[in-house]
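Here is the structure we will look at.
Only heavy atoms go into these numbers, but all of them, side chains included; no hydrogens, no water, no symmetry mates.
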Amino acid sequence: MFIVLNLRGPHHSLRFDTADGARDIIAPLTSALSEGQRTGEFGDFDPTVLARLIRDSIDGIAAVRIGGGSGAAGLGAARA
C-alpha cells in the first residue's frame, strides 16, 4: 500500500492519510470480491482480507520494480 498511500491530491496533500482512506483504497476490490461470492463464482473467504492481500501484493511488486530488482533477489534488495 506504500505507493497508493503516498498518492497526492491537487494541493499536494496526502489523499489517503487515515485508516478510512486505506479502506477507501480497497473498497472497490472488496465489493467485487463480495459480488463474486454472492453469485457463487468465489468460495468462502473474508473479502476484506483478500482485498488487502491483493493490494499489498501489487504495491510490493511495484516497489521491487522501482527498486530495480527482480525475483527473489529483488525482494531481498528491496528490504535491505
Side-chain angles (χ1 to χ4, degrees):
M1 285 197 144
F2 179 74
I3 293 169
V4 174
L5 288 177
N6 282 309
L7 181 65
R8 302 289 172 154
H11 301 291
H12 305 289
S13 60
L14 289 173
R15 191 157 186 201
F16 302 107
D17 63 348
T18 65
D20 289 337
R23 279 190 291 276
D24 291 345
I25 293 169
I26 63 168
L29 185 53
T30 302
S31 178
L33 293 169
S34 295
E35 178 66 13
Q37 286 180 317
R38 189 188 67 73
T39 62
E41 295 178 61
F42 297 143
D44 186 32
F45 57 84
D46 184 325
T48 302
V49 171
L50 187 56
R52 289 186 62 102
L53 175 70
I54 293 168
R55 183 72 251 168
D56 289 349
S57 297
I58 291 168
D59 286 343
I61 196 64
V64 168
R65 289 303 196 189
I66 290 170
S70 63
L75 285 174
R79 289 185 192 136

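Summarising the geometry, atom CD1 belonging to Ile26 is positioned 11.5 Å from atom OG belonging to Ser31; distances are rounded to the nearest 0.5 Å. Note that CD1 of Ile25 and CZ of Arg55 are 7.0 Å apart. Values are rounded to the nearest 0.5 Å. Put simply, CZ on Arg52 and CG on Leu29 are 12.0 Å apart, with the number rounded to the nearest 0.5 Å. Between Thr48 atom OG1 and Leu53 atom CG the span is 12.5 Å, to the nearest 0.5 Å.
Here the closest non-hydrogen pair linking Gln37 and Gly43 is NE2-O, 3.0 Å. Leu33 approaches Phe42 most closely through the heavy-atom pair O-CD1, 3.6 Å.
Taking hydrophobic clusters as Ile, Leu, Val, Met, Phe, Trp and Tyr residues chained together by side-chain heavy-atom distances below 4.5 Å, Ile54 shares a cluster with Phe45.
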